[in-house]
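Only this structure's heavy atoms are used, side chains among them; waters, hydrogens and symmetry mates stay out. Model, not experiment: these values are computed from the prediction.
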Amino acid sequence: MSTILLVEDDEAIVDSLSIFLSKEGYTVLSAYSIKEALSSLSLKKIDLLLLDVSLPDGNGFSICKVAKEKGLAVMFLTASGDENSVVKGFDVGADDYISKPFRPRELLARIKNVMRRYDTSSTTYLGNVEVDTQKGLVKKNNTDVVLSALEYRLLVVFINNRGRLLSRNQLLENIWDIAGDFVNDNTLTVYIKRLREKIEDDPSNPTLIKTVRGIGYRLD
């Protein structure tokens with residue numbers, strides 16, 4: 001199971017999250033400062049950082065940059081939920097951003113969602129389309145396909161739910177944390193259309209992402 005480095009200066013949060021995540025099968029390490037976090041990153045195998053923004057010796061954005069250079073998953077877990085902090089978090093490469101107070105089960109679901117993108121055990125093949133979720137690369141007929149962040153997230157959601165019918169609301173919920181107020185039912189239609197144009201042989205007659213009229217979509 002994955003190893004999580006929890007970078008947080010609130011001992012109560014560290015204790016409660018360590019117990020909760022350990023029960024879910026994760027190995028949990030902790031650091032209370034930037035200095036401790038950087039030391040752990042250099043000495044130990046880490047898969048995911050759960051990272052506070054405000055730390056005693058600085059802010060977590062600098063740690064995020066180091067972690068992303070190492071190819072690690074990063075989630076900000078912080079009370080700094082204002083728009084500027086969220087945008088900066090994603091600008092420095094964060095995979096997700098969840099504000100305090102948080103619900104443990106929601107946090108767990110989002111951890112699993114992020115970690116699926118870093119799963120080294122599988123490359124998904126959709127006909128002549130190849131999706132490497134570890135590297136975040138998509139190829140069609142061995143040629144790179146350039147997807148926007150939202151298009152890629154949509155594709156990963158479909159892959160993680162392959163064969164399942166997904167309602168439009170379910171898709172919106174899965175991309176909301178990246179898109180926020182910028183995505184709604186109408187723009188979802190636009191993004192699915194763009195995704196089809198990039199991965200389908202005949203976007204007007206899709207064979208991968210199927211429409212189930214009146215309900216949603218399914219990846220076959």
Side-chain angles (χ1 to χ4, degrees), residues 1-2 4 24-26 47-49 67-75 90-91 93-98 106-180 182-220:
M1 183 59 82
S2 301
I4 296 175
E24 296 296 329
Y26 293 96
D47 300 295
L48 168 71
L49 267 72
K68 299 311 293 184
E69 288 172 358
K70 294 176 175 289
L72 306 181
V74 177
M75 291 177 62
F90 285 123
D91 282 345
D95 296 278
D96 204 350
Y97 199 116
I98 187 167
E106 178 188 355
L107 173 62
L108 179 62
R110 292 170 76 158
I111 288 173
K112 289 180 177 178
N113 187 48
V114 167
M115 292 308 300
R116 275 194 288 265
R117 298 178 226 162
Y118 290 80
D119 184 0
T120 61
S121 64
S122 63
T123 297
T124 300
Y125 295 91
L126 309 171
N128 57 358
V129 176
E130 177 183 344
V131 184
D132 185 334
T133 52
Q134 180 192 10
K135 298 179 180 178
L137 297 177
V138 180
K139 293 185 177 183
K140 181 179 180 182
N141 296 323
N142 293 319
T143 300
D144 289 341
V145 177
V146 179
L147 300 179
S148 70
L150 271 173
E151 291 163 355
Y152 180 73
R153 171 63 72 87
L154 270 175
L155 181 56
V156 171
V157 171
F158 278 122
I159 289 171
N160 289 339
N161 294 276
R162 191 170 187 175
R164 287 183 55 198
L165 175 60
L166 295 173
S167 69
R168 296 179 68 85
N169 282 339
Q170 286 175 309
L171 291 170
L172 286 168
E173 288 172 1
N174 274 280
I175 62 175
W176 183 263
D177 56 331
I178 281 185
F182 300 105
V183 68
N184 55 37
D185 195 64
N186 291 329
T187 52
L188 175 63
T189 301
V190 172
Y191 279 108
I192 288 178
K193 179 176 182 292
R194 290 177 180 172
L195 180 58
R196 281 172 166 165
E197 289 172 346
K198 293 180 179 181
I199 68 171
E200 298 275 3
D201 290 333
D202 181 3
S204 62
N205 186 29
T207 59
L208 298 176
I209 300 174
K210 299 284 190 65
T211 298
V212 181
R213 293 194 179 279
I215 303 177
Y217 303 89
R218 183 183 69 246
L219 176 68
D220 286 339

Original post:
Is the closest side-chain heavy-atom distance between Y217 and I192 below 4.5 Å?
Top reply: yes
Subject >> Validation row: L171, L154 side chains within 4.5 angstrom (heavy atoms) >> reply: yes
Subject >> Nearest-0.5 Å distance that lies between atom NZ in K198 and atom CG in L155 >> reply: 11.0 Å
**OP:** State, to 0.1 Å, how close K68 and G93 come at their nearest heavy-atom pair, and which atoms those are.
**Re:** CE-O, 3.2 Å
Original post:
Is there side-chain contact between L208 and D220, with at least one heavy-atom pair below 4.5 Å?
Top reply: no
Original post:
Picking from N161, I159, L166, what satisfies side-chain contact (heavy atoms from CB on, under 4.5 Å) with L219?
Top reply: I159
Original post:
Q170 side chain to S167 main-chain N or O, any donor-acceptor pair under 3.5 Å?
Top reply: yes
Subject >> Distance-only side-chain donor-acceptor flag, R168 / T189, under 3.5 Å >> reply: yes
**OP:** To the nearest 0.5 angstrom, please state how far the OG1 atom of T124 sits from the CZ atom of F158.
**Re:** 14.0 Å
Original post:
Any salt bridge between R110 and D95, counting N to O under 4.0 Å?
Top reply: no
**OP:** Can you see which heavy atom on V146 is nearest to which on E151, and at what distance?
**Re:** O-OE1, 4.3 Å
Original post:
Hey, does M75 have a side-chain heavy atom less than 4.5 Å from the side chain of L49?
Top reply: no
Original post:
Atom OG of S148 and atom CZ of R153: how far apart are they, to the nearest 0.5 Å?
Top reply: 11.5 Å
**OP:** Can you measure from CG (L172) to OG1 (T187) and round to the nearest 0.5 angstrom?
**Re:** 7.0 Å
Subject >> Which atom of E197 lies closest to which atom of P203, heavy atoms considered >> reply: CA-CG, 3.7 Å
Subject >> Within-4.5 Å side-chain heavy-atom neighbours: L126 and R162 >> reply: yes
Subject >> Which atom of L108 lies closest to which atom of Y26, heavy atoms considered >> reply: CD1-CE1, 3.8 Å
**OP:** Quick one: pull up CG in L195 and CD1 in I209 and give me the separation to the nearest 0.5 Å.
**Re:** 4.0 Å
**OP:** Begin with the C-alpha distance, continue with both residues' side-chain angles, and end with the deciding distance and a verdict on side chain to side chain contact (heavy atoms under 4.5 Å, CB included) for V145 and V129.
**Re:** CA-CA 9 Å; V145 177; V129 176; over 6 Å; no
Subject >> Pairing of D201 and K140 as salt bridge, 4.0 angstrom limit >> reply: yes
**OP:** Any chance you could measure E130, atom CD, to D144, atom CG, to the nearest 0.5 Å?
**Re:** 10.0 Å
**OP:** Verify whether one side chain among D202 and S204 offers a donor that lies under 3.5 Å from an acceptor in the other.
**Re:** yes
Original post:
Does atom CG of N141 have more than 12 heavy-atom neighbours, drawn from other residues, nucleotides or ligands, at distances under 6.0 Å?
Top reply: yes
Subject >> D47 versus S2, closest heavy-atom pair with distance >> reply: OD2-CA, 3.3 Å
Original post:
Any side-chain donor-acceptor pair under 3.5 Å between T207 and R196?
Top reply: no
Subject >> Shortest non-hydrogen separation from V74 to A67 and the atoms involved >> reply: CG2-CB, 3.7 Å
